[in-house]
Protein chains: 2
Amino acid sequence: MKTSRRPYHHGNLREALLSAAERAVETIGAGNLTLRELSREIGVSHASPRRHFADRQALLDALAQRGFERLGAALARAARGKEAGFEARLTRFARVHVRFARRHPVLFGLMFAAKGRPDAPDALRQASEEALAPATAIFTDGQARGEVVAGDPARIGLAGYAAVQGLIALTAGGKFKGVPLDTLVGEVIERIVLGLRPRA
Amino acid sequence: MKTSRRPYHHGNLREALLSAAERAVETIGAGNLTLRELSREIGVSHASPRRHFADRQALLDALAQRGFERLGAALARAARGKEAGFEARLTRFARVHVRFARRHPVLFGLMFAAKGRPDAPDALRQASEEALAPATAIFTDGQARGEVVAGDPARIGLAGYAAVQGLIALTAGGKFKGVPLDTLVGEVIERIVLGLRPRA
DNA sequence: GCGACCATGTTTGCGTTGACAACATTGTTT
DNA sequence: AAACAATGTTGTCAACGCAAACATGGTCGC
């Protein structure tokens with residue numbers, strides 16, 4: 001009996017819950033995630049998650065926050081390299097962004113849904129802002145190099161970033177299945193950079 | 001006792017459920033919608049919705065479908081007028097689209113979430129495609145007038161429509177509160193039409 | 001007229017869930 | 001070693017979705 005089959009304390013329940021939830025959510029959908037099933041899977045009692053998350057929503061918010069932190073790290077990496085041209089940089093940024101959304105579609109939806117909620121926790125809000133911050137640098141640098149029209153970077157960037165965000169929403173629908181995603185992103189960014197109107 | 005206080009049959013429960021649900025969803029969120037509360041509000045028993053919707057999801061899907069039908073009608077109206085220039089037409093289209101999303105944020109989220117679900121009903125899928133169809137006409141007409149670069153309209157339009165869709169997602173977050181929405185849409189569309197790169 | 005039929009709402013019940021309170025166990029601090 | 005804080009467990013409750021059996025009232029063939 002020396003080998004305690006199940007130590008009374010799990011040891012790292014919070015992390016175990018988060019990673020199990022992340023996997024579960026991606027397969028069954030965020031709406032179908034139940035704390036009890038999660039507890040069952042991990043092997044703890046049905047009320048233990050309460051010690052770490054006040055309620056179901058708090059767990060989902062924590063999941064979203066972690067998502068923003070990971071996305072932010074990936075985007076920051078993608079946005080490095082001032083030397084590169086604006087379009088190349090924006091394309092890299094967009095590709096990373098889109099790939100993340102593709103790889104974790106449910107988590108991604110969760111992230112931006114949580115961000116939009118009026119009662120979103122401050123930590124989540126802050127994580128989302130930090131994650132997306134690298135975008136503005138790309139635009140201001142582009143302006144400094146004369147590759148981007150003048151104006152408030154936030155407003156100029158809105159058009160570009162909106163296109164990226166929209167592309168994600170549209171490709172999530174599964175449209176354009178035949179075309180490789182990176183190709184599609186490259187095309188859209190080029191189109192956004194050059195404009196829809198033909199150039200002289 | 002002659003005046004039947006509550007006629008046994010409601011008469012139009014399906015519609016009553018849908019409109020009550022649409023209102024409720026917008027205030028408490030789709031996830032918090034319960035069939036029982038809905039039934040209580042309407043004044044029927046908690047199991048009656050089952051006659052009209054197989055389950056909760058079916059009701060939400062019907063809600064989304066109705067949403068696409070209304071959005072489609074509004075977009076079709078906005079896309080009329082071949083005579084108008086491409087940019088003006090696209091701007092009107094975008095404004096109507098964004099306003100709809102703003103006025104019914106939860107429903108809008110529901111619509112595109114349902115559309116993305118792999119097991120979405122055919123009727124819903126079809127409604128969503130029809131609703132968004134007017135967009136391609138705007139682009140092909142623009143190409144015919146030489147106001148839009150050549151190429152597969154679906155691919156060209158992707159950039160434009162992605163921007164609209166992304167703008168919705170971003171403004172839903174409540175950013176850019178100070179700026180009137182129509183102004184913002186106009187700016188973004190102009191930027192998309194002209195491109196981010198300065199014109200000679 | 002009238003009885004079978006059918007659409008629609010009701011009643012009752014079951015299993016699951018989120019939330020909560022009281023208690024148990026373990027590690028730490030004094 | 002005694003108090004304490006952190007963490008997990010057990011038991012309970014109200015609400016929910018779903019389902020089956022039943023009730024009601026209009027419609028249609030005859």
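Numbers restart at 1 for each chain; the letters A, B, ... are given by sequence-line order, proteins then strands.
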Would you kindly give the CG-to-P distance between B/N12 and D/dG26, to the nearest whole Å?
16 Å

side-chain contact (heavy atoms from CB on, under 4.5 Å), that's the test. Do A/L38 and A/L59 meet it? Break it down for me.
CA-CA 11 Å; A/L38 221 50; A/L59 193 160; 4.0 Å; yes

Which one of A/R92, A/Q143, A/K82, A/R89 satisfies the side chain to side chain contact (heavy atoms under 4.5 Å, CB included) criterion with A/I138?
A/R89

Hey, can you tell me if B/F108 and B/H97 have their rings parallel, tilted or perpendicular (30° and 60° cut-offs)?
perpendicular

I need the CZ-C1' distance between A/R40 and C/dG15, as an integer number of Å.
11 Å

Measure CD/A/E15 against C1'/D/dT7 and give the value in whole Å, please.
16 Å

When rounded to whole Å, the CG to P distance for the pair A/L38 and C/dT16 reads 17 Å

Atom-pair distance (CD1 on B/I42; P on C/dT8), nearest Å
15 Å

Atom-pair distance (CG on A/L60; P on C/dG18), nearest Å:
10 Å

Could you walk me through whether B/R99 and B/R95 pass the side-chain contact (heavy atoms from CB on, under 4.5 Å) test, one step at a time?
CA-CA 6 Å; B/R99 278 198 212 116; B/R95 285 205 175 120; 3.9 Å; yes

Rounded interatomic separation in angstrom, taking CZ from B/F53 and P from D/dC16:
19 Å

Rounded to whole angstrom units, what separation is found between the CG atom of B/L13 and the P atom of D/dT24?
18 Å

Atom pairs, protein N/O to nucleotides 17-21 of chain D N/O, distance under 3.5 Å:
from, atom 1, to, atom 2, distance (Å)
D/dG17, OP1, B/L35, N, 3.1
D/dG17, OP2, B/L35, N, 3.3
D/dG17, OP2, B/R36, N, 3.4
D/dG17, N7, B/R36, NH1, 2.3
D/dG17, O6, B/R36, NH1, 3.2
D/dC18, OP2, B/R56, N, 3.1
D/dA19, OP2, B/R50, NH2, 2.3
D/dA19, O5', B/R50, NH2, 3.1

Under 4.0 Å: is that the gap between some side-chain N or O of A/S48 and OP1 or OP2 of D/dT9?
yes

Polar contact flag, side-chain donor to acceptor under 3.5 angstrom, A/D61-A/Q57
yes

Does the side-chain contact (heavy atoms from CB on, under 4.5 Å) test come out yes or no for A/L75 and A/F93, once each step is laid out?
CA-CA 6 Å; A/L75 290 183; A/F93 179 88; 3.8 Å; yes

